[in-house]
Each structure stands twice: as C-alpha cells, then as structure tokens.
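Throughout, numbering of the chain's residues begins at 1 and tracks the sequence. Side chains are part of it too, since the values below use all heavy atoms of this structure and drop only hydrogens, waters and symmetry mates.
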Amino acid sequence: MTTYTARPIGPVALKELRGTDDAGHRPVPGTDEEGGSPLRCCLRRGEPGERLLLVSYAPLRRWALETGAEPGPYAETGPVFIHAEECAGPATDALPFTDAHRVVRRYSARGHILGGRLVEAPDAFGEAFAEAFRDPEVALVHVRAVEYGCFLYEVRRG
C-alpha cells in the first residue's frame, strides 16, 4: 500500500509570504480568537489565541518555479492561514483536514487541471490519491475545501 504525504507550504515560501504575499500585499497579523483556522504551515487547526496571518498564496505558481511548468490561467491565488511567526511544521504524518468533504484536484506536469474528485469520508483519501496517480498524466494533486475552494495542501507523485 502506498502512503501519501501532505505537503505544507515550504519554509522559504512561508518566509516570503510573511513579508509580502503572492498578491503583493503586506500581511497584517491577527488572533485566532476561537481557534479552528486551517494552518497551511503546520497542517493543523489553530488554537484559540494563536497569532496568524491570512495571506494570498499561489500554489501552482510556486510549484511552477520549481519545475518549469507553465500553468497559465490555472495559477490562481487564494487565501490561506499561516502562523504569524515561524513554526515547527507538521507534528505528524497523518493526513490533515479529513473531517469534512474535500475535493482532490488533479494537475498535469504543465500545471493544468485534469479533473477532480469529491472525497466525502475520512478513509477515502488514500483511494482518491491512488486513483489520481494511476493516471500517468497526473503530476500532483491539491486537496481543497469544498465550501470555499481554498487550497489546503498538495500531494505529489512518488
């Protein structure tokens, strides 16, 4: 059985995002009063009172810089929560944010959308990833929130 690893936003990107986000804005720190914000730096829910930033993030644009892909109009920018200060990253290898319906969106090596799948049960993510990566054209997938379409994390082939 293949294990799939959720990839948080990397430390270099996080440092850049804390200065200027991918939409060119300077983030303003805030407090997660109630907790529960999905943090993309450490792939867990925020605790009440934690200092966070809500930043614009372009996951495909950043991936394209690493790979030479040209996602064109698929290089969307959207809101993500990160810690206002550097954090230790994920504390576990468990897949995060599986407690609600999610979309597993497939992308080609060029960064173009190849399709997606609604995942409704926490134990269905492994099969959704396996199904996606059975297609040799799929280079990576994004797990996204259904209600807002927000990027949660990336899983890459192999």
For the [atom1] atom on [X], are there more than 12 heavy atoms of other groups (residues, nucleotides or ligands in this structure) within a distance under 6.0 Å?
X      : atom1 : result
Glu120 : CD    : yes
Arg45  : CZ    : yes
Glu147 : CD    : yes

Do Asp22 and Ser56 pair up side chain to side chain, a donor and an acceptor below 3.5 Å, judged on atom types alone?
no

Can you tell me if Asp32 uses its side chain to pair, donor with acceptor, with the backbone of Pro48 under 3.5 Å?
no

Using only atom types and a distance under 3.5 Å, with no angle test, would you say the side chain of Arg26 pairs donor to acceptor with the backbone of Gly19?
yes

Return the set of residues passing side-chain hydrogen bond (donor to acceptor under 3.5 Å, both in side chains) with Thr98 (not counting sequence neighbours), or none when no residue passes.
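With neighbours one apart ignored, the set is empty.
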
N-O pairing of [X] and [Y] below 4.0 Å:
X      : Y      : answer
Glu131 : Arg117 : yes
Glu66  : Arg156 : yes
Asp135 : Arg157 : no
Glu76  : Arg144 : yes

Measure the shortest side-chain to side-chain distance between Tyr153 and Arg40 over non-hydrogen atoms and say whether it is less than 4.5 angstrom.
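The answer is no, as the side chains (C-beta and beyond) never meet within the 4.5 Å cut-off.
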
Report yes if some heavy atom in the side chain of Leu52 is under 4.5 Å from a heavy atom in the side chain of Thr31; otherwise report no.
no

Phe125-Tyr4 aromatic ring centre distance below 6.0 Å
no

So, do Tyr107 and His112 have ring centers that fall under 6.0 Å from each other?
no

Are Val103 and Leu152 connected in the hydrophobic side-chain network, where two residues link if heavy atoms are under 4.5 Å apart?
no

Which pairs, with at least one residue in residues 80-97 and sequence neighbours excluded, count as a side chain to side chain donor-acceptor pair (under 3.5 Å)?
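Matches after skipping sequence neighbours: Arg44-His83, Glu50-His83.
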
